[in-house]
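First up is the structure itself, then whatever we jot down about it.
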Amino acid sequence: MQSMLKLIALVRRREGRWLNYLLASALALGSDAGLFLLLLDAGLAPVPASATGYCAGILVHWVISSRLVFADGAAARGTGERHRQKLLFVGSALVGLGVTTAIVGGGSALGIDPRLAKLAAIVVSFQTTYLLRRHIVFRAASA
């Protein structure tokens, strides 16, 4: 409940960056979920299907985040700082991947439909990665 109140407060303050991040995440999620469902239908187990879809979403998210959402905090291309940001971005994505696979794996082990577990993972992973990216990866953008 407290997380939901924080999200509402962000929207009330008209924090455009969060809304832009939400849109970027929706596009990345489309890539993630679409591939996840295709792989499930192809017979791949839920956890590797989830991880593969998430990795595709990471690529989509980097492009949108570095060029649009956090463009004011993104380092110039070809610099050491840009390389550092890419590594931090991947690190934040790996945290999200860990959260996602743990929730999907745990849910599957408990007999929960992997699609429902994935929905729970989406919510938790979204907020986790947003905070990491805003305050660590592209911290200059938030200052």
Side-chain angles (χ1 to χ4, degrees), residues 1-75 77 80-143:
M1 183 66 171
Q2 188 176 22
S3 294
M4 186 58 77
L5 293 175
K6 286 181 182 180
L7 294 178
I8 292 169
L10 287 172
V11 172
R12 282 188 181 154
R13 286 188 302 209
R14 296 185 181 127
E15 185 167 320
R17 187 178 315 276
W18 187 88
L19 293 173
N20 288 337
Y21 187 83
L22 180 64
L23 293 173
S25 294
L27 292 172
L29 175 59
S31 302
D32 174 350
L35 186 54
F36 172 68
L37 293 173
L38 285 172
L39 293 172
L40 277 181
D41 286 344
L44 193 61
V47 171
S50 178
T52 302
Y54 191 85
C55 289
I58 291 168
L59 295 174
V60 171
H61 219 303
W62 166 257
V63 171
I64 297 169
S65 292
S66 65
R67 289 171 177 80
L68 300 172
V69 178
F70 300 107
D72 58 340
R77 292 181 187 172
E81 179 61 18
R82 179 74 162 208
H83 182 69
R84 185 186 76 77
Q85 283 182 331
K86 286 179 181 178
L87 290 175
L88 288 171
F89 192 89
V90 169
S92 69
L94 291 175
V95 169
L97 177 60
V99 167
T100 297
T101 55
I103 292 172
V104 171
S108 295
L110 294 172
I112 296 171
D113 183 317
R115 291 158 194 85
L116 294 176
K118 182 71 172 181
L119 288 174
I122 288 165
V123 172
V124 176
S125 181
F126 170 81
Q127 192 61 31
T128 301
T129 57
Y130 173 74
L131 292 171
L132 289 171
R133 291 170 183 170
R134 178 170 179 196
H135 296 291
I136 296 172
V137 178
F138 298 105
R139 71 177 164 259
S142 320

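Owing to the predicted nature of the structure, the values given are computational and were not obtained by experimental measurement.
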Exercise for the section: Assess whether side chain to side chain contact (heavy atoms under 4.5 Å, CB included) is satisfied between Val124 and Ile103, documenting all intermediate values. Expected result: CA-CA 9 Å; Val124 176; Ile103 292 172; 4.1 Å; yes

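- Thr129 places a side-chain N or O within 3.5 Å of a backbone atom of Phe126 that can act as its donor or acceptor partner.
- Here the closest heavy-atom approach between residue Ala75 and residue Gln85 is recorded as N-OE1, 2.8 Å.
- Here the shortest heavy-atom pairing between His61 and Tyr21 reads CE1-CE1, 3.2 Å.
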Practice task
May I have the step-by-step check of side chain to side chain contact (heavy atoms under 4.5 Å, CB included) for Arg134 and Trp18, ending in yes or no?
Solution key: CA-CA 9 Å; Arg134 178 170 179 196; Trp18 187 88; over 6 Å; no

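- Of all non-hydrogen atoms in Gly96 and Tyr54, the two that sit nearest each other are CA-OH, 3.1 Å.
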Practice task
Could you walk me through whether Gln127 and Leu131 pass the side chain to side chain contact (heavy atoms under 4.5 Å, CB included) test, one step at a time?
Solution key: CA-CA 6 Å; Gln127 192 61 31; Leu131 292 171; 3.8 Å; yes

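- Shown here for Thr100 and Ser50, the closest heavy-atom pair between the two residues is CG2-OG, 3.4 Å.
- Leu38 CG to Thr52 OG1: the interatomic distance, rounded to the nearest 0.5 Å, is 11.5 Å.
- Within the 4.5 Å cutoff, the side chain of Val95 has heavy atoms near those of the Thr128 side chain.
- Remark: Ser31 OG to Ile58 CD1 distance equals 11.5 Å, nearest 0.5 Å.
- Residues Val104 and Ala121 approach most closely at CG2-CB, 4.4 Å, considering heavy atoms.
- Under the 4.5 Å side-chain criterion, counting only non-hydrogen atoms from C-beta, Leu29 is not in contact with Ser25.
- At distances below 3.5 Å, at least one donor-acceptor pair connects side-chain atoms of Ser92 with backbone N or O atoms of Phe89.
- Looking only at distances, a side-chain donor or acceptor of Arg17 sits under 3.5 Å from a matching main-chain atom of Val69.
- Asp113 has no carboxylate O lying under 4.0 Å from a charged side-chain N of Lys118, or vice versa, which leaves the two without a salt bridge.
- Between the CG atom of Asp32 and the CD1 atom of Ile122 there is a distance of 6.5 Å, given to the nearest 0.5 Å.
- A pairwise comparison of heavy atoms in Val63 and Ser66 identifies O-OG, 3.6 Å as the closest pair.
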